[in-house]
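The next block holds one structure in the form of structure tokens; read it before the comments.
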Amino acid sequence: MKHIYIIGTGLIGGSLALDFKSALPDCIIYGIDKNEAHLIEAQELGVIDQKATYEDLPNADLVVLAIPVDVAVNELPKVLGKVSDFSVVIDVGSTKQAICKAVDNHPKRRNFLATHPIAGTEFSGPKAAIQNLFKNKTNIICEVEKTASKLQEQVLDLFLKIGMRMRYMNPESHDKHIAYVSHLSHISSFMLGKTVIEKEKNERDIFDMAGSGFESTVRLAKSSPEMWTPIFEQNKQNVVETLEEYIQNLSMFKQMIVEDDFQSVYKAMKDTNYIKQILNGIH
Ligand SMILES: O=C(O)C(=O)C[C@]1(C(=O)O)C=C[C@@H](O)C=C1
């Protein structure tokens, strides 16, 4: 893994570049980005070693696609068409069915591994790249059996080196379960932010009243719409299904308050406290 190409030098691509460089100090990290300003910034920040183009891809040992999921679906077949038989291409997108389907019959399918590192922040661009973002985090690997075994090994070994644990899933299960947890959280946060902005016209009051409770629940509303719109589009069915249940819960909670049924209000919150055990891994 000497020549590593990162397509998309934002938060995830940039953070992987930093960790790969620490894990493999002799490797050269090349950046490819249609946003020239990002590319320059990534180089100035030392996130990438050199700028590159698609013409250089035959030289790659590893190519990482860290671009919005709609762009990734279009770019992956082209990238696979450029790389050598010995190189491996991975994506890191938040949806897995569309990307796996896009290359299912590609002659270089065995050179591709679908991955989803469950790590991120609400920030974007090369400046947002941070070291150790992936340490002790899970990486969901899809359709591993469709990737050449030697290439799987190389990539999985690199992810282990940067501190990740692997979990294997099929793309359908991935998209369903990620909608329940990650995608719904983002919608909830975006719409919470929207409601507060619309309801509280006085920005000073928002600023002064925002304790860490508001700050933590609205954190994801700072995320990039460029990244999230195509995720919701590609995972529409699962997102809508999850959203319906969430809306039902919100309506039910409202109804309990309207009807002065505070015993049920208490119970709904008490039951939900169980999330603490789940997230602590005790269950
Ligand atoms: O923590 C955040 O800010 C994130 O948005 C990270 C997060 C998530 O946990 O939902 C978001 C999308 C990625 O596909 C994986 C992780």
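Indexing begins at 1, ligand by ligand and atom by atom, following the structure's order.
- For His186, the ring-ring contact (aromatic ring centres under 6.0 Å, His included) criterion is met by Trp228, not counting sequence neighbours.
- Of the heavy atoms in Ile178, none comes closer than 4.0 Å to ligand 1.
- Heavy-atom contacts of His116 reach the following atoms of ligand 1: 13 (C), 14 (O), 15 (C) (cutoff under 4.0 Å).
- Close N/O approach between His186 and ligand 1 is found [any backbone or side-chain N/O within under 3.5 Å].
- Below 4.0 Å from some heavy atom of Ala119 lie the following atoms of ligand 1, by number and element: 15 (C), 16 (C).
- By the 6.0 Å contact criterion, CD on Glu233 is open, its count of non-hydrogen atoms from other residues, nucleotides or ligands being 12 or less.
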Applying side-chain hydrogen bond (donor to acceptor under 3.5 Å, both in side chains), run through Asn59 and Asp56 and close with a yes or a no.
-> CA-CA 6 Å; Asn59 176 48; Asp56 305 311; over 6 Å; no
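- At least one heavy atom of Trp228 sits under 4.0 Å from some atom of ligand 1.
- Contact annotation: Arg219 has at least one heavy atom less than 4.0 Å from an atom of ligand 1.
- Assignment of Ser185 to the shell around ligand 1 is not supported, since no heavy atom sits closer than 4.0 Å.
- Counting the atoms of ligand 1 from 1 in the order shown, those under 4.0 Å from a heavy atom of Ser182 are 8 (C), 10 (O), 11 (C).
- Residue Leu220 has at least one heavy-atom neighbour below 4.0 Å for each of these atoms of ligand 1: 2 (C), 3 (O), 5 (O).
- Applying the 4.0 Å criterion to heavy atoms of Ser94 picks out, from ligand 1, the atoms 12 (C), 13 (C), 14 (O).
- Remark: Thr242 pairs with Ala179, Tyr180, Leu184 by the side-chain contact (heavy atoms from CB on, under 4.5 Å) rule, at least two apart or across chains.
- Heavy atoms only, all atoms of each residue included: Phe134 and Met164 are closest at O-CG, 3.4 Å.
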